[in-house]
Amino acid sequence: MEKKLPVTYKIVATDGKARAGVVETPHGNIETPVFMPVGTQATVKTMTPEELEEIGAEIILGNTYHLYLRPSDELVHKFGGLHKFMNWKRPILTDSGGFQVFSLGARKQDGSSLVKITEEGVNFRSHLDGSKHFISPEKSINIQNNLGADIVMLFDECPPGLSDKKYLIPSIERTTRWAKRCVEAHRNPTTQGLFAIVQGGIYEDLREKSLNELMEMNESFSGYAIGGLAVGEPREDMYRILDYIVEKCPQDKPRYLMGVGEPIDMLEAVESGIDMMDCVQPSRIGRHGTVFTKYGRLVIKNASYSEDERPLDEGCQCYVCRNYTRAYIRHLFKADEILGQRLATYHNLYFLLHMMKNSRKAIIEKKFKEYKEEFLENYTLGKKSEWIIPKKIGV
């Protein structure tokens, strides 16, 4: 008898490889394609849960590595899990912590990593205080079970960007063995959906090897993630791999591209059949004064916007663009006021969330290619566009 999974997917419409669907979870449904704001440490930086609901966020992320170190998954569990701890009523996905273990592990003075990979798991030092820790597939799943997210991820080995086949083949095989241990360790299979992670670098045959090995456990997985992209490889290689491997993933389960939040890449991913994406980029660049607009990025701290009475993005219907000028937001950044970071982050997240909602609408109407082409034509204009030229008061 086939297992009844706690997270399921239904296709609503297709346009080429692009898909509009619904992911059903214990904490509500998610309309796809969708962008997922990253709340690494049980908060999307500068945003309240109420603001996230206001801008249409349907699911957010938490991170196993960070929450394990602080405040601890046991403490979160005592408070009833992440949903209650952070007052978020909609779905949550937790990353397994693998990427952070490999990327944030402490280093020696000569720059070499103190992360040590064994068959059992990974030994590493905390980036907070240098203390020694060990995470195995079983421990990662146990932490995620304690956190109580709707979607939990396999603990996989995250190979360095542009790794060669000699490194990747044993890495993939280890990730497969770890996947089997994750499935066996998962103690909440009826309430938390488990997603597999397909690795293989920029090689089609290795991506297919990884997927085929994971597919042997298909009945245990609620979805499939594509990992190890957007880690330094040329953009063309990422698109090539997506175009090759995504359509080979099960049609009846959601496909998740990890760590991508650049509009151009997101639309390419949707066109290849990706349903879910996440990235810290919109909040990170927002806190430093860069915002997304219809005509590309805008650095609001530039002096040219000191008297600009227009919103960040003319035509945008978010709260920020309906109420504040570029001049005011620039002033907030120059004065080091936290509100500037909040407003820029709010707008950036709204921009990506609604780009995905518009993509969904275009797929349903069989107009995704036209939508994508029009979006990219505007977005890549950059500073060539007259729209970017500051409009001063009284001019």
**Q** Check the orientation of Tyr65 and Phe124. Use parallel for under 30°, tilted for 30 to 60°, and perpendicular for over 60°.
**A** tilted

**Q** Would you call Asp243 and Arg240 a salt bridge, taking side-chain N to carboxylate O under 4.0 Å as the test?
**A** no

**Q** For Pro159, does its backbone N or O pair with a side-chain atom of Ser163 as donor and acceptor, under 3.5 Å?
**A** no

**Q** Salt bridge check, Glu365 against Lys361: does any charged N sit closer than 4.0 Å to a carboxylate O?
**A** yes

**Q** Is there a path of hydrophobic side-chain contacts, each under 4.5 Å between heavy atoms of I/L/V/M/F/W/Y residues, joining Tyr224 to Tyr244?
**A** yes

**Q** As a test of understanding, state which of Arg360, Lys357, Arg90 forms a salt bridge (charged side-chain N to carboxylate O under 4.0 Å, His left out) with Glu58.
**A** Lys357

**Q** Any salt bridge between Asp275 and Arg19, counting N to O under 4.0 Å?
**A** yes

**Q** Should Ile264 and Leu267 be regarded as members of a common hydrophobic cluster, given that ILVMFWY residues are connected when their side-chain heavy atoms come within less than 4.5 Å of each other, either directly or indirectly?
**A** yes

**Q** Taking a hydrophobic cluster as the set of Ile, Leu, Val, Met, Phe, Trp and Tyr residues connected by side-chain heavy atoms closer than 4.5 Å, whether directly or through intermediates, do Leu339 and Tyr319 fall within one such cluster?
**A** yes

**Q** Is it possible for you to check whether Lys301 lies under 6.0 Å from the centre of the six-membered ring of Tyr305, through NZ or CZ, and within 45° of that ring's axis?
**A** no

**Q** To the nearest 0.5 Å, what is the distance between CD1 (Ile60) and OG1 (Thr40)?
**A** 10.0 Å

**Q** Where does the angle between the aromatic ring planes of Phe351 and Phe375 fall among parallel (under 30°), tilted (30 to 60°) and perpendicular (over 60°)?
**A** tilted

**Q** Can Phe79 be reached from Ile143 by stepping across I, L, V, M, F, W or Y side chains whose heavy atoms are under 4.5 Å apart?
**A** yes

**Q** Are Glu216 and Lys180 close enough for a salt bridge, meaning some N to O gap below 4.0 Å?
**A** no

**Q** Main chain of Thr46, side chain of Arg342: is a donor-acceptor contact present, judged purely on distance under 3.5 Å?
**A** yes

**Q** Any sub-3.5 Å donor-acceptor pair from Asp265's side-chain atoms to Val260's backbone N or O?
**A** no

**Q** Inspect the contact between Glu262 and Arg235 and indicate whether a charged nitrogen and a carboxylate oxygen are less than 4.0 angstrom apart.
**A** no

**Q** Looking only at side-chain N and O atoms, does His133 offer a donor or acceptor that is under 3.5 Å from a partner on Asn123?
**A** no

**Q** Tell me whether Ile285 shares a hydrophobic cluster with Phe35, the cluster being built from Ile, Leu, Val, Met, Phe, Trp, Tyr side chains joined at under 4.5 Å.
**A** yes

**Q** Relative to each other, are the rings of Tyr328 and His331 parallel, tilted or perpendicular (30° and 60° limits)?
**A** tilted

